[in-house]
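The structure appears right after this line, and notes come after that.
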Amino acid sequence: MKNTDPKNWIRPEILNISAYHVPDPGNMIKLDAMENPYTWPDEMVQEWQALLKDTALNRYPDPASQSLKNKIRIAFSVPDEMGILLGNGSDEIIQIIAMAVSGTDRCILAPDPGFVMYNMIAKFVGMNYIGVPLDADDFSLDMDAMRAAIKQHQPAVVFLAYPNNPTGNLFDAQQVQEIIQLSPGLVVIDEAYAAFADDSFMNRLGEFPNLVVMRTVSKMGLAGLRLGYLAGPASWLNEFDKVRLPYNINVLTQVSAEFALKYKSVLDQQTDNLCQQRARVFDRLSALPALQVFPSQANFILVRVRQGDANSLFEKLKEAGILIKNLARSEGILNNCLRLTIGRQEENDALLEVLEQYDFSEIQAGINGS
Ligand SMILES: *Cc1c(COP(=O)(O)O)cnc(C)c1O
């Protein structure tokens, strides 16, 4: 008797995970996914559309995306002697790296809480995932725990998001360096939020043979294009390139990204605005005693609802037409936390208004059942 039940064939670790869930924002103010909220000036949109009109969809794209890579090298100061690999979002780069090193005796290690795809992709490729808890007070690296975990598990790859998502902080650079030096395998510094942060490891490539830097254009205004890049020694990147599917960067993305980088000053202005908004939102939130507000070097701010229930506040914001990320259900360290993406001034004002009017004692009462 044959058994075609998928449960008989799909690997147990896949059966056991739930799919990455993206809520439908409808008409809500979207402050949940770290998108840049700004659009382009009209003339820029027109010039881009004219370019698309001349783009041939009947031909395969350049498999090496050479022209785009050259532009990326200049725009983001990738050192001359380092290679560049492009991915369909940095998510795909994580997948490429994992596929290239995978094995049942191999693991991926990252601080926890961290970016969820490290864990998910490890499972996709049949690797173990080791999450090492961050310091529960300020989300800094717990170095004793990191040293012990690296020694014990000998990870093939360590991912360090710099700044970290969902906590928003930059880890201590000296401690990151120690992890790079201690690690037996590759260390990927994931700089998805580089545009909003004061520090980077890009100019330290080459100092360590096992260091690569991963970035994305998603958070700086081009999330819809799906484009990430990995910069690092050719000895690593040449191997990863073998695992990359030939035409992973489609022709519309190649053309559009090159175009956008020609007007990088427009995107830079937008990220500057968001950094100013971040400072303003941070100050206003910090004035609310019911919230613990964590400093951020990214385009979002993590808050903990100290007094009351974050789930109720999340629902209240939803009723007011504002979608944020609810982390309150996470166990442990993110308990009662919400992640707020920084939006346009008027969007942030709408968010702040709800928070400032909110009666936190009410949810406190709710929790106590009184
Ligand atoms: C958003 C994010 C990514 C994924 O970016 P894409 O290029 O959109 O796939 C990777 N790492 C971190 C830490 C992120 O927050």
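In listed order, ligands and their atoms are each counted from 1. Hydrogens, waters and symmetry mates play no part in the numbers below; they use all other heavy atoms, side chains included.
Aromatic rings of Phe115 and Phe159 (six-membered ring for Trp) have centroids beyond the 6.0 Å cut-off, not under it.
Distance from atom 12 (C) of ligand 1 to its nearest protein heavy atom, with residue and atom name: Asp190 OD2, 3.3 Å. The protein heavy atom nearest to atom 5 (O) of ligand 1 is Ser90 OG, 3.1 Å. Taking atom 15 (O) of ligand 1 as the reference point, the nearest protein heavy-atom neighbour is Tyr193 OH, 2.6 Å.
Which parts of ligand 1 touch Ser218 is read off a 4.0 Å heavy-atom cut-off, strictly below it: atoms 6 (P), 7 (O), 8 (O). Residue Gly89 has at least one heavy-atom neighbour below 4.0 Å for each of these atoms of ligand 1: 7 (O), 9 (O). Close approach of ligand 1 to Asp91 (heavy-atom distance below 4.0 Å) involves ligand atoms 4 (C), 9 (O). Atom numbering of ligand 1 starts at 1 in the shown order; those under 4.0 Å from a heavy atom of Ala192 are 2 (C), 11 (N), 12 (C), 14 (C).
The two residues Val212 and Gly232 make their nearest non-hydrogen contact at CG1-CA, 4.0 Å.
With a 4.0 Å cut-off on non-hydrogen atoms, Lys219 touches ligand 1 through its side chain and not its backbone.
A donor-acceptor contact closer than 3.5 angstrom links the side chains of Asn119 and Lys123.
At least one heavy atom of Arg226 sits closer than 4.0 Å to an atom of ligand 1.
One finds no salt bridge joining Arg226 and Glu92 here, because no Lys/Arg side-chain nitrogen approaches an Asp/Glu carboxylate oxygen to under 4.0 Å.
With rounding to the nearest 0.5 angstrom, the CE atom of Met120 is 11.5 Å from the CD atom of Gln95. Atom CE in Met82 sits 10.5 Å away from atom CE in Met202 (nearest 0.5 Å).
In this structure, Phe300 and Tyr193 have perpendicular ring planes: the angle between them is above 60°, well past the 30° mark.
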